[in-house]
Number of protein chains: 2
Amino acid sequence: MTSQDNELDKIRKLCDQAGMKLTPQRLEIFKELLSHEDHPSAELIFTKLRERLPTISLDTVYRTLASFDELGIIKKLNISNARTLFDTNIEQHHHFICTKCKRVEDIHWPDFDKANLPESVSALGSIQTRHLELHGICNQCLNKKNKG
Amino acid sequence: MTSQDNELDKIRKLCDQAGMKLTPQRLEIFKELLSHEDHPSAELIFTKLRERLPTISLDTVYRTLASFDELGIIKKLNISNARTLFDTNIEQHHHFICTKCKRVEDIHWPDFDKANLPESVSALGSIQTRHLELHGICNQCLNKKNKG
DNA sequence: TTCCTGATTAGGAATTATTCTTAATTAGGA
DNA sequence: TCCTAATTAAGAATAATTCCTAATCAGGAA
């Protein structure tokens, strides 16, 4: 059994549990997501998908990504006020965002994930997720600058 | 000299340094911002302002808020993919976002601000700001739930 | 298997936030 | 006071996303 078969099993189960029909569109969107390690937009998924599924509509992509977000299969990212990005990696992690080129890179910092929040913070309510955004200039942009 | 006079001096200087004319519109937008402790949207500032400056345009509000963001007087927040919010508090801090009522509350966590980032993270580039988003359910919403 | 029904889809229209365009006005220096 | 580049108001334009509707379809029941 390949890793993809494994993933396809997962989506079947998740849809079933949620009372959602596993339509060919949903399956293809899911497969497309599997092939993205990064943070694609709905538009990008739509464009890629249209090559092999010419009749798919952008609306379906948006709807499906929203459903997948609710199921916890992917995660919506509101990083800039341009298009929404979708994180295909749902393991706990954070992001570095280059203010020049807008590149978004994953960050892992398990020690921070484990750290207790201050009393004053946990007193605000029940905290479910923590997401750190680091903003700065990536090495690629720094190098360009030095050369130019 | 009142605290507001002090602030007005600040905006005068900042505009001057940036070669920006201090127009009445900019001054009024700045004053309006001073009266918001929270995270107003451009639309809200516009609506409030229109009561005493009936001819101001939404475009001017957007342009001015963008300029103020560039000058570091306020900070754009991309928290949801609905409207952009503006943070009138530019001291280093973080946010708690209630997933139910969308309330945004400031968080202060100086120990975290001082903490060193892992080697693997600082190696990505030059990191300028860190912003933590905690998502969860605020006490108000938790109480409603328990009562309902 | 075939039929049925509610869920889902495609496609385009609508909506919403934000930015752009343009002609008119104005702040602030000469 | 005059001049000029910067700024503004107003509405048009843009862009991302969502809504609407009729048609299609997945999967359960017979």
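Predicted model only: the values in this text are computed from it and were never measured. The figures here come from the full heavy-atom set of this structure, side chains too, leaving out hydrogens, waters and symmetry mates. Sequence lines set the chain letters: A, B, ... in the order given, protein chains first and strands last, and positions in each chain run from 1.
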Quiz item: What pairs with Arg63(B) under side-chain contact (heavy atoms from CB on, under 4.5 Å), at least two apart in sequence or on another chain?
Solution: Asp59(B), Thr60(B)
Could you pull out all donor-acceptor pairs under 3.5 Å where a side-chain atom in residues 110-124 of chain B meets a protein atom, sequence neighbours excluded?
from      : atom 1 : to        : atom 2 : distance (Å)
Asp113(B) : OD1    : Gln92(B)  : NE2    : 3.2
Asp113(B) : OD1    : His94(B)  : NE2    : 2.7
Ser122(B) : OG     : Pro118(B) : O      : 3.1
Ser122(B) : OG     : Glu119(B) : O      : 3.4

Exercise. Would you list the pairs meeting ring-ring contact (aromatic ring centres under 6.0 Å, His included) in which at least one residue belongs to residues 62-88 of chain B, sequence neighbours left out?
Key: none
Practice problem: Please list residues of residues 43-81 of chain A whose heavy atoms come under 4.0 Å from any atom in DNA chain D, ordered by number; otherwise none. | Solution: Leu58(A), Asp59(A), Tyr62(A)
Practice problem: Name all residues meeting the side-chain contact (heavy atoms from CB on, under 4.5 Å) criterion together with Arg50(B); count only those two or more places apart in sequence or in a different chain, and write none if there are none. | Solution: Phe46(B)
Exercise. Would you check, one step at a time, whether the test side chain to side chain contact (heavy atoms under 4.5 Å, CB included) holds for Met20(B) with Ser67(B)?
Key: CA-CA 9 Å; Met20(B) 254 176 62; Ser67(B) 305; 4.0 Å; yes
Practice problem: Return the set of residues passing side-chain hydrogen bond (donor to acceptor under 3.5 Å, both in side chains) with Lys48(B) (not counting sequence neighbours), or none when no residue passes. | Solution: none
Quiz item: Excluding sequence neighbours, so at least two apart, what forms side-chain contact (heavy atoms from CB on, under 4.5 Å) with Ser126(B)?
Solution: Leu142(A), Gln128(B)
Practice problem: Could you tell me which residues satisfy side-chain hydrogen bond (donor to acceptor under 3.5 Å, both in side chains) with Lys31(A), sequence neighbours excluded, listed by chain and number? | Solution: Glu28(A)
Quiz item: Contact class for Thr84(B) vs. all strands (heavy atom < 4.0 Å): base, sugar-phosphate, or nothing?
Solution: sugar-phosphate
Exercise. Mind checking ring-ring contact (aromatic ring centres under 6.0 Å, His included) for His108(A) and listing every partner two or more places apart, or none if nothing turns up?
Key: His93(A)
Exercise. Anything under 4.0 Å to a heavy atom of chain A counts; send over the first and last such nucleotide of DNA chain D, read 5' to 3'.
Key: dA16(D) to dG27(D)
Quiz item: Which base, if any, makes a Watson-Crick or G-U wobble pair with dA30(C), both distances under 3.5 Å?
Solution: dT1(D)
Quiz item: Got a sec, which residues hit side-chain contact (heavy atoms from CB on, under 4.5 Å) with Thr23(B), two or more places apart in sequence or on another chain?
Solution: Lys21(B), Gln25(B), Arg26(B)
Using atom names, set out every protein N or O paired with an N or O of nucleotides 26-29 of chain C below 3.5 Å, distance rounded to 0.1 Å.
from    : atom 1 : to       : atom 2 : distance (Å)
dA27(C) : N3     : Lys21(B) : NZ     : 3.3
dG28(C) : OP1    : Leu22(B) : N      : 3.3

